[in-house]
Amino acid sequence: MKKILITGINGFIGNSLRLSLIKFENKFEIWGIDKTCDFKNSFSVNLLNINDCIRISEKLPQFDIVIHTAAIAHHKIDVLETYNKNLKITKNVLKYFTHYKSHLIFLSSISVYGEDQRYIPVRV
């Protein structure tokens with residue numbers, strides 16, 4: 001049975017993934033992290049806080065797949081600050097919740113594609 005970690009499991013995308021994957025409970029063991037969690041195998045963690053990440057990562061198994069959906073969206077704060085915080089969240093997920101055998105699926109936030117009426121990928 002493959003172990004899957006979904007970051008941002010309480011968000012729109014993360015929760016939709018959880019609901020889709022639990023149908024395959026004989027194939028996948030679903031785990032989740034988010035700011036607040038109340039699902040089986042889920043933990044509350046502030047992904048911007050290194051101590052929180054360390055504390056929770058020590059309680060979790062190694063995952064076959066990490067689906068990273070956690071992010072700050074909708075420019076609730078200044079655009080540059082949103083970018084920097086989302087970058088830090090992603091770095092912390094990579095450092096504390098993946099290992100050399102994990103497959104990573106990264107789903108970007110609406111702050112990259114959906115806002116500002118952009119309908120094409122952002123080029124760096």
Side-chain angles (χ1 to χ4, degrees):
M1 183 175 306
K2 297 219 183 260
K3 288 181 176 63
I4 297 176
L5 174 67
I6 300 172
T7 69
I9 198 164
N10 279 338
F12 178 75
I13 295 171
N15 191 47
S16 295
L17 281 168
R18 181 186 69 83
L19 293 172
S20 295
L21 291 171
I22 59 174
K23 297 173 189 173
F24 303 99
E25 63 186 343
N26 58 336
K27 293 185 179 187
F28 303 117
E29 186 178 315
I30 308 301
W31 293 72
I33 55 176
D34 206 313
K35 291 182 288 190
T36 57
C37 281
D38 59 359
F39 304 115
K40 176 184 171 188
N41 294 338
S42 66
F43 292 87
S44 296
V45 60
N46 176 354
L47 290 170
L48 290 168
N49 182 306
I50 292 172
N51 292 326
D52 242 17
C53 292
I54 292 168
R55 179 180 56 83
I56 296 300
S57 68
E58 291 172 348
K59 296 179 181 183
L60 297 175
Q62 292 187 344
F63 296 101
D64 300 295
I65 302 167
V66 175
I67 303 174
H68 177 41
T69 72
I72 297 169
H74 307 293
H75 297 295
K76 294 176 185 169
I77 52 179
D78 151 299
V79 175
L80 182 58
E81 191 174 350
T82 300
Y83 170 84
N84 286 330
K85 285 187 176 189
N86 284 337
L87 182 60
K88 183 174 181 180
I89 288 169
T90 301
K91 285 180 178 180
N92 286 343
V93 166
L94 290 170
K95 183 172 183 177
Y96 298 107
F97 300 103
T98 62
H99 60 88
Y100 71 97
K101 289 185 179 179
S102 296
H103 292 277
L104 176 70
I105 300 171
F106 175 73
L107 302 174
S108 184
S109 75
I110 190 170
S111 296
V112 174
Y113 293 105
E115 289 185 357
D116 303 327
Q117 276 54 60
R118 280 183 261 150
Y119 299 100
I120 58 172
V122 174
R123 305 266 187 248
V124 179

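As the structure is a prediction and not an experimental result, all values here were calculated from the model.
- Distance check: Leu17 CG to Ile4 CD1 gives 9.0 Å after rounding to the nearest 0.5 Å.
- Across all their heavy atoms, Leu48 and Lys85 have their closest contact at CD2-O, 3.5 Å.
- Within the structure, every pair that satisfies the side chain to side chain donor-acceptor pair (under 3.5 Å) test and touches residues 38-56, not counting sequence neighbours, is listed here: Asp52-Arg55.
- Contact detail for Asn92 and Leu47: the closest heavy-atom pair is ND2-O, 2.7 Å.
- To the nearest 0.5 angstrom, Leu5 atom CG is 10.0 Å from Phe43 atom CZ.
- Side-chain heavy atoms closer than 4.5 Å link hydrophobic residues (I, L, V, M, F, W, Y) into clusters, and following such links, possibly through other members, connects Leu19 to Ile67.
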_Verdict with supporting geometry, Leu94 and His68, side chain to side chain contact (heavy atoms under 4.5 Å, CB included)_ = CA-CA 9 Å; Leu94 290 170; His68 177 41; over 6 Å; no
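- For Phe97 against Cys53, the heavy-atom pair with the smallest separation is CZ-O, 3.7 Å.
- Looking at every heavy atom in both residues, Lys3 comes nearest to Asp64 through N-OD2, 2.7 Å.
- Residue pairs meeting the side chain to side chain donor-acceptor pair (under 3.5 Å) criterion with at least one partner in residues 18-30, sequence neighbours excluded, are Asn15-Arg18, Glu29-Trp31.
- Within the 3.5 Å criterion, the main-chain N or O of Phe63 finds a donor-acceptor partner in the side chain of His99.
- Taken to the nearest 0.5 Å, the CD1 atom of Ile30 stands 8.5 Å off from the CD1 atom of Ile65.
- No donor-acceptor pair under 3.5 Å is formed between the side chain of Thr69 and the backbone N or O of Leu107.
- Here the CD1 atom belonging to Ile6 is positioned 11.5 Å from the CD1 atom belonging to Ile13, to the nearest 0.5 angstrom.
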